[in-house]
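A short worksheet on the structure shown next.
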There are 2 protein chains.
Amino acid sequence: MAPPAVKKQTYDNGPEAAAPVGGVLNDILGYKLRRAQLATFEEFARHFHDLELRPAELALLLLLKRTPEAGQAELTSLLVLKRANFVALVNRLARRELVERSPVDGDRRARKITLTTKGLSLLEEGEKRQRAYEQQLLQILGGNRARADFLTALDRLINLAETRDCSSTPRRDVNQRTSG
Amino acid sequence: MAPPAVKKQTYDNGPEAAAPVGGVLNDILGYKLRRAQLATFEEFARHFHDLELRPAELALLLLLKRTPEAGQAELTSLLVLKRANFVALVNRLARRELVERSPVDGDRRARKITLTTKGLSLLEEGEKRQRAYEQQLLQILGGNRARADFLTALDRLINLAETRDCSSTPRRDVNQRTSG
DNA sequence: TATTGTTATACTCTATAACTATA
DNA sequence: TATAGTTATAGAGTATAACAATA
């Protein structure tokens with residue numbers, strides 16, 4: 001019934017060769033970025049598969065807890081999702097009774113998404129896993145400073161679209177040093 | 001006929017809010033990683049859409065030029081693709097006459113993939129774009145040192161699966177300092 | 001007319017299973 | 001029997017268009 005957190009690992013095609021060490025592609029930043037992203041998603045799945053939570057699902061639950069007043073438009077914006085896809089996301093969680101939709105006073109078009117008790121208690125376990133997962137990544141990256149630098153780099157890339165045309169001032173970090 | 005390099009930008013749903021500044025999700029590494037990866041793919045598309053090359057397509061052409069002796073199994077492994085999906089990738093490029101399949105002496109099951117003249121000349125333009133693209137990312141990241149550190153971090157995440165179970169020795173970088 | 005939530009739909013990427021022809 | 005290439009198919013993510021109800 002509930003969706004599998006992420007796909008399994010290779011079967012038919014063999015172990016799929018972990019890293020193309022020495023290949024031409026090692027110099028291509030976008031290529032490594034994609035591979036790293038896939039690796040972290042797989043790791044996410046290992047941490048969360050028994051809770052049957054996918055990244056977007058956990059993210060929505062977190063947002064609902066921390067920003068309970070957020071409307072649907074704001075939530076889709078924060079999650080960087082299209083409205084249409086947000087509906088399906090909420091449907092999945094609502095079918096599991098983790099969230100509810102309710103009317104909004106003052107605008108009969110709008111609907112409010114709220115955590116149920118069940119959703120909140122699942123989220124509490126999810127938050128534990130999340131902390132453990134982040135802790136693991138922190139160690140892999142080599143400490144707070146390395147993590148902060150890494151997040152800074154990611155922020156710069158995320159803001160790439162904005163820096164693109166304005167040829168100067170190529171920055172605008174959103175990141176906060178987690179320590180020093 | 002030829003595949004579009006990447007999807008267009010939002011229409012129906014508004015500008016989709018660039019960055020969830022201050023949101024809960026800013027602390028979640030995997031979330032930022034995904035967003036950064038999407039941003040670089042969009043930027044890739046801007047550089048390559050008129051060549052009608054997607055990331056995997058460029059990567060294969062690069063590999064074919066630098067590793068012309070590689071068999072199909074090796075290529076799929078280097079690209080971290082499933083055999084089944086590699087076929088479709090080659091089909092697209094073969095339909096555009098950028099690559100060719102030819103028999104291999106000594107194993108009548110195997111087929112060799114080679115660049116055509118047309119493929120090579122497209123690739124030469126592609127390599128120019130690729131250098132410009134990497135240069136852009138280099139500037140965004142803030143120089144060679146920042147880029148090298150970033151690649152190191154990505155390598156560590158890519159090797160995450162291997163470091164996972166063996167609780168000590170959480171490393172194994174593949175990266176070479178681009179400068180210093 | 002514009003906006004909110006929604007449905008329907010399509011395309012890309014990734015994954016699995018199973019076939020074929022060789023080995 | 002195992003392997004190389006292939007086909008078919010399915011799932012997850014992301015994209016667009018269009019509609020009903022409401023503003």
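Just the heavy atoms: all of them, side chains too, but no hydrogens, waters or symmetry mates, feed the values below.
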Exercise. Given D/dA15, C/dT14, D/dT22, which nucleotide is nearest the side-chain atoms of A/Lys82?
Worked result: D/dA15
Problem set entry | Between P of D/dA2 and CZ of B/Arg83, the distance in whole Å | 14 Å
For this session: In whole angstrom, give the distance that lies between atom CG of B/Asn85 and atom P of D/dA10.
Result: 15 Å
Problem set entry | Identified side-chain hydrogen bond (donor to acceptor under 3.5 Å, both in side chains) counterpart of B/His47 within the set B/Arg129, B/Gln136, B/Lys128 | B/Gln136
For this session: Answer whether the closest heavy-atom distance between the side chains of A/Ile28 and A/Lys32 falls below 4.5 Å.
Result: no
Exercise. What is the distance, rounded to the nearest whole Å, between atom CG of A/Leu81 and atom P of D/dA12?
Worked result: 16 Å
For this session: For the side chain of A/Val87, starting at C-beta, report the closest nucleotide among C/dT6, D/dT6, D/dA23.
Result: C/dT6
Problem set entry | Selected nucleotide, minimal atom distance to A/Arg109 side chain, candidates C/dC13, D/dA23, C/dA23 | D/dA23
Exercise. Over how many whole Å does the gap from B/Asp107 atom CG to C/dT20 atom P extend?
Worked result: 19 Å
Exercise. Which nucleotide, D/dA17, D/dA23, D/dG5, lies nearest any side-chain atom of A/Ala84?
Worked result: D/dA17
Exercise. Would you say D/dG13 has OP1 or OP2 under 4.0 Å from some side-chain N or O of A/Arg54?
Worked result: yes
Problem set entry | Spacing of A/Phe86 atom CZ relative to C/dG5 atom P, expressed in whole Å | 8 Å
Problem set entry | Selected nucleotide, minimal atom distance to A/Arg101 side chain, candidates C/dT4, C/dT6, C/dA17 | C/dT6
Exercise. Does C/dT4 have OP1 or OP2 sitting under 4.0 Å from an N or O in the side chain of A/Gln72?
Worked result: no
Exercise. Where the side chain of A/Arg92 is defined as all heavy atoms beyond and including C-beta, which of C/dT7, D/dA15, D/dG13 is the nearest nucleotide?
Worked result: D/dG13
Exercise. D/dG5 base to B/Arg111 side chain: any donor-acceptor pair below 3.5 Å?
Worked result: no
Exercise. Between B/Gly106 and A/Arg34, which is nearer to the 5' end of DNA chain C once each is assigned its nearest nucleotide?
Worked result: A/Arg34
